[in-house]
Amino acid sequence: MPTVALNNGITMPQIGFGVFRIPDDDTERTVLQAIECGYRSIDTASLYGNERGVGRAVAGCGLPREDLFVTTKLWNDDQGRRRAKDAFHASLKRLGLDYVDLYLIHWPKPSRNLYVETWELLEELYGAGLTRAIGVSNFQPNHLDALIAQGEVVPAINQIELHPLLQQRSVRRYDANHGIVTVAWSPLGQANSIEDPVIGAIAKRHDRTPAQIILRWHLQLGTVVIPKSVRPSRMRQNLDILTFSLDAEDLAAIDRLDTGVRFGPDPDEQDTGRKTGFSSSDGRWTAGAD
Ligand code: NDP
């Protein structure tokens with residue numbers, strides 16, 4: 001498993017396993033299958049409602065805790081020093097852990113203007129050894145500028161929507177220039193990327209699946225990926241991307257697929273509460289009532 005070094009010296013597997021939209025009751029079994037397939041990094045969030053299932057899998061998988069890399073995230077409603085502290089400890093309790101490897105602010109939610117204060121709390125959790133690294137998700141360069149100017153710790157990670165149809169060049173450049181590792185969420189870009197004919201042609205040439213081509217592209221960019229699948233055959237397929245590589249022509253063809261169009265919300269506008277999420281019917285984001 002390739003790893004990336006974070007800005008505080010700890011390492012993170014470059015391929016992890018995402019658990020968004022896996023019901024808590026199915027999560028323990030699914031994460032155990034993923035660990036069995038070889039995943040060592042699990043990406044959950046308070047929002048996903050399945051931290052308990054992740055925790056049960058971590059406890060029951062038979063591996064030493066230090067062999068696993070567990071990420072969870074602070075939901076928007078819990079921003080602000082006091083609520084964030086309680087929310088972190090509630091996540092830790094649901095996970096059944098005494099520390100996490102990575103704790104992220106899920107969205108900047110700029111309309112609340114609490115993300116700098118929230119970051120200061122994350123710095124305290126990090127200082128207390130309750131999380132081995134801290135970072136953010138869905139932060140744009142202007143949000144990161146504020147954290148870097150006012151905080152003491154530079155985020156280790158920025159987890160953003162990133163796939164061939166949304167290549168996020170300026171955010172990736174900003175992250176790289178500041179020593180922040182970019183993690184790609186929805187790395188497969190949902191069906192639209194997987195079914196793209198250009199990806200299909202490259203897959204055919206390499207005798208690989210389209211998902212493998214997309215994940216290999218991410219690896220060659222240097223980003224961390226956290227694909228989700230409830231099917232062990234796909235879990236294995238998504239890990240089996242280390243024994244081939246894309247050439248300059250393949251990479252150039254994928255570069256040209258960037259549309260700049262998001263499937264998820266715009267971080268500058270995302271301003272909804274806990275009910276926000278992908279709708280199960282079409283896989284697109286829907287705004288919650290609150
Ligand atoms: P992905 O890009 O991982 O795609 C998941 C979808 O692709 C599922 O429908 C899955 O179906 C299917 N799939 C997986 N592997 C294959 C394959 N080899 N061939 C064909 N289809 C495949 O999208 P997600 O939105 O789940 O993102 C991944 C993770 O990113 C999440 O689980 C979560 O951890 C994180 N995330 C973070 C966000 C944030 O705001 N920070 C927002 C959204 C996600 P099936 O399960 O049936 O195999």
Side-chain angles (χ1 to χ4, degrees), residues 13 15-24 26-27 29-31 33-34 37 39 41-51 53-54 69-76 102-109 135-140 143 155 157-166 168 171 181-196 199-200 203 208-218 223-241 262-267 269-272 274 276-286:
I15 311 172
F17 185 71
V19 298
F20 186 28
R21 285 181 286 176
I22 302 178
D24 194 37
D26 299 337
T27 299
R29 177 177 42 82
T30 308
V31 172
Q33 287 168 337
C37 289
Y39 291 86
S41 166
I42 313 296
D43 183 88
T44 184
S46 156
L47 175 74
Y48 305 167
N50 55 18
E51 291 172 309
V54 170
F69 191 101
V70 179
T71 301
T72 194
K73 314 184 190 86
L74 177 84
W75 186 239
N76 303 344
L102 178 62
Y103 195 49
L104 305 179
I105 300 178
H106 208 144
W107 291 89
K109 204 160 176 166
V136 295
S137 179
N138 302 302
F139 273 48
Q140 302 279 50
H143 309 132
I157 289 288
N158 188 17
Q159 185 184 120
I160 56 172
E161 181 183 352
L162 171 57
H163 42 76
L165 302 186
L166 179 68
Q168 300 261 32
V171 179
V181 168
T182 302
V183 176
W185 66 253
S186 283
L188 298 172
Q190 305 173 39
N192 301 293
S193 279
I194 291 181
E195 288 166 12
D196 186 277
I199 301 283
R208 293 284 174 163
T209 67
Q212 288 177 312
I213 299 301
I214 295 170
L215 294 172
R216 181 71 209 182
W217 169 78
H218 282 288
T223 55
V224 172
V225 288
I226 46 171
K228 167 260 173 190
S229 178
V230 293
R231 304 167 208 230
S233 60
R234 286 180 173 175
M235 293 174 191
R236 279 192 290 276
Q237 187 191 116
N238 294 346
L239 277 181
D240 182 18
I241 54 172
R262 297 174 187 278
F263 298 124
D266 184 325
E269 291 165 9
Q270 194 266 4
D271 196 25
T272 51
R274 186 167 283 277
T276 302
F278 279 107
S279 75
S280 54
S281 55
D282 63 3
R284 288 178 187 262
W285 285 90
T286 51

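Model, not experiment: these values are computed from the prediction. Each ligand, and each atom within it, is numbered from 1 in the order the structure gives.
Of all the heavy atoms of H163, none lies under 4.0 Å from any atom of ligand 1, so neither backbone nor side chain is involved. No part of T44 comes within 4.0 Å of ligand 1, judged by heavy-atom distances.
With hydrogens and angles disregarded, a donor-acceptor distance shorter than 3.5 Å links the side chain of T223 to the backbone of H218. At distances below 3.5 Å, not a single donor-acceptor pair connects side-chain atoms of Y48 with backbone N or O atoms of G18. Listed for the Q212 side chain is a donor-acceptor partner under 3.5 Å among the backbone atoms of Q237. Side chain of E161 to main chain of F263: a donor-acceptor pair is present (N/O by atom type, distance under 3.5 Å, no hydrogens or angles). Proximity of a side-chain donor or acceptor of H163 to a complementary backbone N or O of S193 within less than 3.5 Å is not detected. The backbone N or O of I213 lies less than 3.5 Å from no partner atom in the side chain of R208, so there is not a single donor-acceptor pair.
Every atom of ligand 1 is numbered from 1 in the order shown, and the set under 4.0 Å from a heavy atom of Q159 is 35 (C), 36 (N), 37 (C), 38 (C), 39 (C), 41 (N). Listed by number with element, the atoms of ligand 1 under 4.0 angstrom from any heavy atom of G189 are 2 (O). Every atom of ligand 1 is numbered from 1 in the order shown, and the set under 4.0 Å from a heavy atom of D43 is 33 (C), 34 (O), 35 (C). Taking every heavy atom of P227 and a limit of under 4.0 angstrom, the matching atoms of ligand 1 come to 3 (O). Every atom of ligand 1 is numbered from 1 in the order shown, and the set under 4.0 Å from a heavy atom of H106 is 39 (C), 40 (O), 41 (N). Shown in contact with Q237 at under 4.0 Å from a heavy atom are these atoms of ligand 1, numbered in order with element: 17 (C), 18 (N), 19 (N). Per-residue contacts place R21 under 4.0 angstrom from the following atoms of ligand 1 (heavy atoms of the residue considered): 25 (O).
In this structure, the side chains of W107 and F139 stay at 4.5 Å or more apart for every pair of heavy atoms. Between V19 and I42, the closest side-chain pair of non-hydrogen atoms falls below 4.5 Å.
Here the shortest heavy-atom distance to atom 40 (O) of ligand 1, taken over D240, I226, T71, N138, belongs to N138. Counting only non-hydrogen atoms, the option in F263, Y48, W107, F20 that gets closest to atom 31 (C) of ligand 1 is F20.
Of the N or O atoms in A211, none lie within a sub-3.5 Å distance of an N or O in ligand 1. For the pair L188 and ligand 1, the shortest N or O to N or O distance falls below 3.5 Å. Close N/O approach between S186 and ligand 1 is found [any backbone or side-chain N/O within under 3.5 Å]. For I194, no nitrogen or oxygen atom sits less than 3.5 Å from a nitrogen or oxygen atom of ligand 1, counting backbone and side chain alike.
Using a 4.0 Å cutoff on heavy atoms, G264 does not count as a contact of ligand 1. In this structure, F17 falls outside the shell of residues with a heavy atom less than 4.0 angstrom from ligand 1. Residue-ligand proximity: T209 is placed with every non-hydrogen atom at 4.0 Å or more from ligand 1. Heavy-atom distances between M235 and ligand 1 stay at or above 4.0 Å for every pair. Ligand 1 does not have S193 within reach: every non-hydrogen atom of the residue lies 4.0 Å or more from it.
Expressed to the nearest 0.5 Å, how far CG of L188 lies from CD1 of I226 amounts to 11.0 Å. Q159 contributes atom CD, which lies 7.0 Å from atom NE2 of H106 (distance to the nearest 0.5 angstrom). Taking CD of Q33 as the start and CZ of R236 as the end, the distance is 9.0 Å to the nearest 0.5 Å.
For the side-chain hydrogen bond (donor to acceptor under 3.5 Å, both in side chains) with K73, the lone residue among T44, D43, N138 that qualifies is D43.
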